[in-house]
Each structure stands twice: as C-alpha cells, then as structure tokens.
2 protein chains.
Amino acid sequence: MAVTIRDVARQAQVSVSTVSRALSAPGLVKETTRQRVLDVVAGLGYQPNRAARSLITGRTGNLGIVVPDLENPFYPAVLRGVQTRAGEAGTSVFFCDSREGPETEAELVRTMAAQVDGVVLCSPLQSDEVIAELADLTPLVLINRTVPGVSSVLMDSGSGMDQIITHLESLGHKDYVYLGGPATAWSHQRRLQGLRDRAPMLGPFEPNFTGGLTAAQEALKTGATAFIAYNDLMALGVLSHLAEQNIKVPAQISVTGFDNIIYAAMCSPALTTVAMPTEEAGKVAVDLLAARLEGAPPESRELPTKLVIRASTRNIRC
Amino acid sequence: MAVTIRDVARQAQVSVSTVSRALSAPGLVKETTRQRVLDVVAGLGYQPNRAARSLITGRTGNLGIVVPDLENPFYPAVLRGVQTRAGEAGTSVFFCDSREGPETEAELVRTMAAQVDGVVLCSPLQSDEVIAELADLTPLVLINRTVPGVSSVLMDSGSGMDQIITHLESLGHKDYVYLGGPATAWSHQRRLQGLRDRAPMLGPFEPNFTGGLTAAQEALKTGATAFIAYNDLMALGVLSHLAEQNIKVPAQISVTGFDNIIYAAMCSPALTTVAMPTEEAGKVAVDLLAARLEGAPPESRELPTKLVIRASTRNIRC
DNA sequence: CTGAAAGCGCTAACAC
DNA sequence: GTGTTAGCGCTTTCAG
C-alpha cells in the first residue's frame with residue numbers, strides 16, 4: 001500500500017491534521033514543524049491521495065477540454081495553451097475530440113462534468129440553449145463562441161476578415177468571394193459580419209481539406225480573382241484543386257485562409273492568412289475558468305488577430 | 001448537493017449496499033429489485049461519485065497518454081484511437097504533450113501516475129532504465145518503442161523502409177539517401193535497420209519541417225536522385241526547400257516520407273509515404289493496458305505498415 | 001438475495 | 001499552534 005498521511009504524521013511526531021495543514025495551508029503551522037513534516041514527506045515520498053482529498057473538498061483538480069476536430073492543427077495549438085497554463089496550476093487536463101458532432105459534444109461535456117472542476121469548450125456547434133444547460137452542469141468557458149451568461153474567449157474574426165479585404169483591395173482585387181464554413185459556427189458568422197456584404201458568400205462547405213476541394217470548383221464558376229477561405233484547411237483544399245486544374249496561384253487567382261496553422265507556411269505557395277492567438281486563447285480560457293471557480297462572474301475576452309501576408313496573394317495586375 | 005447512493009436507496013426502499021450491487025455487480029441482486037433500483041437511478045439522475053469509488057477500489061477509471069509533439073498530426077491520430085477505445089470502456093483520458101523533452105516526458109508520467117490506472121507513452125526518448133522505472137510506477141504501454149518487460153505496440157518501420165527502397169529501385173533509382181531522425185528515437189533505429197546499409201544516412205535532423213529544410217540542403221550536396229525522409233513533416237520541409245531552389249519533384253528528385261499524415265496527401269506534389277496504423281495503434285495500446293490491469297503479463301504487438309504511392313516519386317528515366 | 005457496519009485517506013470543524 | 005474527531009460517498013466483508 002502507498003504511504004498515507006498517518007505514516008507521515010507518525011514519523012514526524014505530529015497529528016495528521018498538522019501534516020494536512022503543513023501541506024495545504026502552510027500559514028497555519030509553525031515553521032519548524034512544517035519543515036520537519038516536509039522532510040518526512042520527502043523522505044517517504046508521500047503523495048496525497050487525490051481521491052480522498054477530492055471526496056472531501058469536492059474539487060478534483062482536473063479540467064476538461066473538448067475540441068471538434070483534433071486533425072485541424074488549430075485545436076492542438078489551443079490544447080497546448082490549456083495544458084501549459086493548467087500545468088502551472090498543478091491541474092491535469094482531460095481531453096476529448098467530438099469529431100464535429102454536436103450531440104457527441106454535449107455528451108462529452110456531461111460525462112466530463114462528473115470528474116473535472118470545469119471544462120473548456122472549443123468552437124461548439126450546439127445551440128445556445130444546450131450550451132447554457134451544460135454551463136449549468138459545470139463551470140464552462142467557451143472558445144470562439146458567445147452565449148449569454150457563459151465565459152468566453154474570442155479571437156477577433158471580424159477584424160481578420162477586414163484585414164484580408166483591405167489587403168486584397170490594396171492589391172487591386174475587386175471581385176472576391178468568401179467560401180463559407182458551417183452555418184452554425186460562430187467564427188463563420190463573425191467572418192461574415194466582417195465581410196459586410198462586400199463579397200458574395202458560397203457554401204457552406206465542410207471546414208476541411210475536402211470542403212476546400214468542393215469550394216474551389218464552385219468558386220471558379222464565379223470568375224472571382226480572389227478566394228477567401230473560411231479556414232486554412234479549406235484553403236489548402238482550394239490550393240490543391242487549383243494546382244490540379246493548372247491554375248496558377250497567385251498569378252491567376254489569390255487565395256487566403258484563416259487560422260495560420262503550421263501548414264499554412266509549409267504549403268506552396270505559402271498561404272496568406274489570418275493568425276489566430278490559439279495558444280494564448282487556451283491559456284486565457286484556463287484563467288477564466290480559474291476565476292469562475294473563485295466565484296468571479298462570467299467574463300468575455302477578445303484576443304486580436306493579425307494578417308500574415310505570404311505568397312498566395314498578389315497584385316491583380318501582375 | 002448532488003444525489004447520493006443513500007437517496008437512491010431510500011427511494012427504492014433498499015439498502016445502500018443493494019444499490020451498489022445493482023450498479024456494479026448486477027448478478028448479485030434479484031432482477032426485480034435491480035430494475036427498481038435502476039428506475040430510481042434514472043429518475044433521480046444519480047451518478048456515482050468517482051472519488052468515493054476510487055478511494056475504496058483504488059482504481060481511477062482514467063488513463064493517461066503523453067506524446068512528444070502534438071503538432072505532428074501523427075500523434076493526434078494516435079490520440080483519437082486511444083480516446084475511441086477508452087470511451088467504449090467508460091474510461092477518460094488525460095493528455096499531455098512533452099514537447100520533445102525527455103525529462104518533461106518522465107515528469108509528466110510521474111505526475112499522471114497518481115491519478116490514472118495506467119499510461120500510454122508515445123515514442124519516448126528516454127533511456128530504457130528510466131522507462132523501466134516509470135513502468136514500475138504505473139502500468140505502462142509504449143508506442144513505437146520496446147523496453148524489456150514493458151508492453152508495447154509497434155508499427156513495422158523496418159518493413160516500411162523496405163517497401164520504400166523496393167519502390168525506388170523499381171523506378172530505377174540507385175542513388176538515394178536517408179535523412180535521419182533523432183538518434184534516440186526507436187523508429188529511427190528501426191528504419192535504419194530496414195535500410196540495411198543500402199543507402200547512406202545523413203543527419204540526425206529534427207523530426208519536423210525545419211529539420212527537413214536543413215536536411216534538403218545537405219542531401220542536395222550528395223547528388224542523390226531520391227531523398228528518403230525520416231518522417232512526413234521532414235519530407236514537407238524537403239519539398240519546400242526544393243521548390244524554393246526551383247528543383248522539380250519528382251522530375252529531378254524523388255522524395256518519400258513516413259507516417260502518411262493528412263498533409264502528405266494535401267501538399268504538392270502529394271507525398272509517397274509509408275502509412276502507419278496510428279489510430280489502430282492507439283486502440284491496441286488501450287487494449288494492452290486493460291490486459292495489464294487484469295493481471296496479464298507485458299506483451300508486444302507489431303502492426304503492419306503500407307507504402308502509399310503518390311506523386312513525389314517517379315521513374316528516374318522520365 | 002439483502003442489510004448493517006466498517007472503513008478507504010483525507011480535510012475541516014471544534015477543542016485545547 | 002496543534003490534536004481529536006467526524007464524516008465525504010462509496011464498496012465490501014460479514015451476518016442473516
């Protein structure tokens with residue numbers, strides 16, 4: 001059997017409560033005794049039993065995150081941020097991939113709720129009602145989605161779209177088209193708002209490579225000189241289809257994405273895209289969750305985005 | 001406060017032990033009472049408190065996985081497999097990214113050990129000794145690594161290398177070079193074995209895009225007609241460098257990778273590579289872990305790999 | 001087949 | 001400052 005708090009107490013010649021206090025409320029115990037306890041703890045390699053602790057405190061010291069698609073590098077990046085910040089606080093993170101399934105998403109949160117102190121929900125596809133219900137079950141922080149009364153961290157998609165269009169127009173493009181993502185995705189709606197009817201929207205398409213393949217076909221029919229993809233994965237699909245059709249990017253058509261996933265810099269031509277503060281968003285989400293656990297009211301934070309100009313966009317006159 | 005087993009017992013007019021049995025040892029209770037209990041459970045929405053349960057059983061019902069680099073799509077794929085199989089068993093999974101840091105890796109396993117029933121360790125860079133020590137701490141399953149006395153699931157890298165070379169030679173290549181990965185990586189060693197000195201090795205290089213950039217530079221000096229990259233990420237870097245140098249792939253040089261990450265099909269030219277049964281490996285790892293928990297001895301399983309021929313390799317005479 | 005009771009390891013009143 | 005004690009919610013003997 002593992003070493004328990006009693007073993008430590010016995011060897012340090014104090015009571016179990018003193019050991020407990022020395023460990024979790026250092027201020028309440030005399031420095032010398034505390035040191036003695038700590039020495040014994042180190043000597044015995046004592047590790048408090050989390051189950052016992054959480055049984056009594058009601059806290060698990062864990063947090064959960066559910067993402068819609070781990071194959072989209074956008075989410076691993078968020079995950080890293082969450083892990084980093086959570087790790088600093090000694091919190092472990094449960095992870096789940098909902099595979100773009102709204103019901104799965106809700107189900108996963110419900111399952112997690114029982115064993116975490118709170119969950120981070122990335123780009124949920126659920127209705128506001130369901131999300132509000134989930135937030136009722138466990139402290140919730142949304143990423144890229146707002147629901148009244150629920151904390152969230154947003155990445156400014158609207159401004160990102162604005163930056164893309166400004167860039168495109170500065171290159172002389174007048175005829176561009178937006179290749180839309182899932183209608184229920186908050187990011188998509190925000191990008192649409194940023195578009196302000198300055199370009200027609202096609203779609204919705206699946207927010208992945210395959211979706212981009214399809215989107216490119218439709219977009220070609222419009223005669224537009226620039227394609228604005230909902231995200232990088234889709235843009236990669238667009239690039240691939242255009243390459244296959246022997247259409248030169250950016251000579252004939254300019255293409256932009258969203259997210260700045262690592263492959264955006266690796267493909268050719270390298271993709272002009274909007275960088276999202278993914279890792280930062282993960283960290284902020286953990287902070288917001290921590291605040292909620294301390295009793296703070298729900299809060300929303302919006303992080304800035306920034307256009308990254310690479311090789312997939314070019315002056316129309318060239 | 002949440003509903004407890006006592007609430008259920010009271011309402012179902014049975015003792016708590018009967019409720020407990022109805023839930024976790026259905027055979028020990030009369031069918032009719034069991035049904036009554038189950039009805040009450042459903043009605044009240046009772047969920048057993050995991051902390052209390054694990055305090056007494058010593059099991060957490062969780063498992064952990066640590067991967068070296070979540071940005072390499074290879075690992076999200078493994079993660080998915082793990083999640084899928086674990087989910088079927090009602091097990092949750094803790095996740096951690098060691099960012100290619102051997103000490104971090106060990107530290108993460110130690111931290112996890114306290115709160116999981118076992119951990120899956122992907123492509124560890126640690127020494128056999130450290131891994132054996134970790135395996136002593138908690139049931140361990142290795143992916144892409146063998147250590148005596150520890151369960152592992154392997155993907156047949158040697159055969160993959162063999163398939164690549166056979167393919168290359170069938171295309172008339174005689175002069176090819178292997179761009180090596182981290183010397184401590186088991187996969188790298190296995191690939192080297194598969195090479196059987198039929199080609200020189202360069203490197204080691206970092207197993208990522210940047211590493212590929214560097215590797216391509218060195219490889220070009222050799223005058224080889226085909227570059228075999230340690231993995232796809234590296235191959236992507238190679239492709240990128242060659243494109244930049246205006247060297248045509250596969251017309252002038254053929255390039256192959258390993259892993260068949262999703263981007264291998266998305267880049268241009270699409271990459272000839274060795275498909276790894278990543279998701280399957282994740283599932284098998286969970287199975288092996290479950291077996292160990294049941295008291296089975298350590299076991300190793302090797303999964304087959306398969307060459308996927310795409311557009312980055314071509315007959316040397318074309 | 002079912003119930004009573006004894007803890008699992010820890011924290012948090014409550015005393016001193 | 002420190003010790004004593006009563007549980008947290010559950011499983012598991014042990015009786016019946």
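Numbered from 1 within each chain, the chains take letters A, B, ... in sequence-line order.
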Check: D97(A) side chain, L70(A) main-chain N or O, donor-acceptor pair, under 3.5 Å: yes

D7(A) CG - dC10(C) P separation (whole Å): 9 Å

Rounded distance (Å) that lies between atom P of dC10(D) and atom CD1 of I56(A): 15 Å

Residues D69(B) and R80(A) bridged, charged N to O under 4.0 Å: yes

Atom-pair distance (CG on L55(B); C1' on dG9(C)), nearest Å: 5 Å

Exam field: side chain D156(A) to backbone P304(A), donor-acceptor pair closer than 3.5 Å: no

Residues S20(A) and S17(A): side-chain donor-acceptor under 3.5 angstrom: no

Pair R145(A) + E105(A), salt bridge at N-O below 4.0 Å: no

Minimum heavy-atom distance between Q189(B) and A183(B), given as atom pair plus value: NE2-O, 2.7 Å

Within residues 45-54 of chain B: residues closer than 4.0 Å to DNA chain C (heavy atoms): none

Close approaches to DNA chain C from residues 25-43 of chain B, in residue order (heavy atom, under 4.0 Å): L28(B), V29(B), K30(B), T33(B)

Considering all heavy atoms, the nearest C122(B)-I65(B) contact: SG-CD1, 4.1 Å

Closest contact, heavy atoms only, V3(A) versus G45(A): CG1-O, 4.2 Å

Flag for N208(B)-E71(B): side-chain donor and acceptor within less than 3.5 Å: no

Salt-bridge present (D7(B), R10(B); N to O < 4.0 Å): yes

Within residues 12-24 of chain A: residues closer than 4.0 Å to DNA chain C (heavy atoms): S17(A), S20(A), R21(A)

Euclidean distance, atom CD1 of residue I5(A) to atom P of dC8(C) [Å, nearest integer]: 14 Å

